[in-house]
Amino acid sequence: QVQLVESGGGLAQPGGSLRLSCAASGRTFSSGSMGWFRQAPGKEREFVAAIGWGGISTIYADSVGDRFTISRDNAKNTMYLQMNSLKPTDTAVYYCAAAGRPQPLKIKVAYDYWGQGTQVTVSS
């Protein structure tokens with residue numbers, strides 16, 4: 001079992017920044033890939049970014065492009081999402097997830113464990 005707890009959400013102005021964290025506990029954190037997803041009201045949960053077990057391979061949704069950066073610190077069992085140039089369309093509940101495979105993955109069903117989510121609101 002893996003337990004995931006997100007933090008760092010909140011209110012930001014358009015153009016601002018937030019940094020999300022995902023603390024993991026349970027089985028070996030570094031052996032699998034991790035990802036961030038988000039869900040806006042009335043919409044499906046969508047992929048944001050993912051990172052491989054070694055922290056080198058990363059993939060991003062087109063909608064976040066160069067604005068977001070995913071990273072992980074296996075020594076601290078923690079994954080991060082640095083979000084810059086935030087837009088109102090980034091408003092959503094953000095979830096972290098863990099998979100048993102080493103490569104970064106975009107599809108939800110590939111992830112075995114999920115956190116409870118943290119709210120991000122971008123508004124002036």
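Using a 4.5 Å cut-off on side-chain heavy atoms (C-beta onward), Met83 and Arg67 make no contact. Counting heavy atoms from C-beta on, the side chains of Ile51 and Pro104 never come closer than 4.5 Å.
Under the 3.5 Å distance criterion, the side-chain polar atoms of Ser33 are matched with a main-chain donor or acceptor of Arg101. At least one donor-acceptor pair closer than 3.5 Å links the side chain of Thr91 to the backbone N or O of Val122. A donor-acceptor contact shorter than 3.5 Å links the side chain of Asn74 to the backbone of Trp53. Judged by distance alone, the side chain of Gln82 and the main-chain N or O of Arg19 form no donor-acceptor pair under 3.5 Å. In terms of modelled atom types and a separation under 3.5 Å, the side chain of Arg45 and the main chain of Val93 share no donor-acceptor contact. Side chain of Tyr80 to backbone of Asp73: no donor-acceptor contact under 3.5 angstrom is found.
Considering every non-hydrogen atom in both Thr121 and Gln119, the closest pair reads OG1-NE2, 3.4 Å. When all heavy atoms of Ala110 and Ala99 are compared, the closest pair comes out as O-CB, 3.5 Å. The shortest non-hydrogen separation linking Ala24 to Val2 is CB-CG1, 4.5 Å. Taking each heavy atom of Ala40 and Ala92 in turn, the nearest pair found is N-CB, 3.8 Å. Residue Ala61 comes nearest to Phe47 through the heavy atom pair CB-O, 3.4 Å, listed as atom of the first residue, atom of the second, then distance. Heavy-atom minimum distance, Met79 versus Ile70: SD-CD1, 3.9 Å.
Residues Leu20 and Phe37 do not share a hydrophobic cluster, clusters being chains of Ile/Leu/Val/Met/Phe/Trp/Tyr side chains in contact below 4.5 Å. One hydrophobic cluster, built from ILVMFWY side chains closer than 4.5 Å, holds both Tyr113 and Met34.
Atom CH2 of Trp114 sits about 10.0 Å away from atom CD of Glu6, to the nearest 0.5 Å. For the atom pair Asn84 CG and Thr69 OG1, the distance stands at 6.5 Å (nearest 0.5 Å). Interatomic distance, CG of Asp112 versus CD of Gln1, reported as 10.0 Å (0.5 Å rounding).
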Exercise. Apply side chain to side chain contact (heavy atoms under 4.5 Å, CB included) to the pair Ser123 and Leu11, showing each step before the final yes or no.
Key: CA-CA 7 Å; Ser123 175; Leu11 176 65; 4.3 Å; yes
Practice problem: Step by step, work out the side chain to side chain contact (heavy atoms under 4.5 Å, CB included) result for Lys108 and Tyr95. | Solution: CA-CA 11 Å; Lys108 293 190 295 286; Tyr95 298 89; over 6 Å; no
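Of the residues Val120, Leu81, Asp90, the one that meets the side-chain contact (heavy atoms from CB on, under 4.5 Å) test with Arg38 is Asp90.
By the 30° and 60° cut-offs, the orientation of the rings of Phe68 relative to Tyr94 is tilted.
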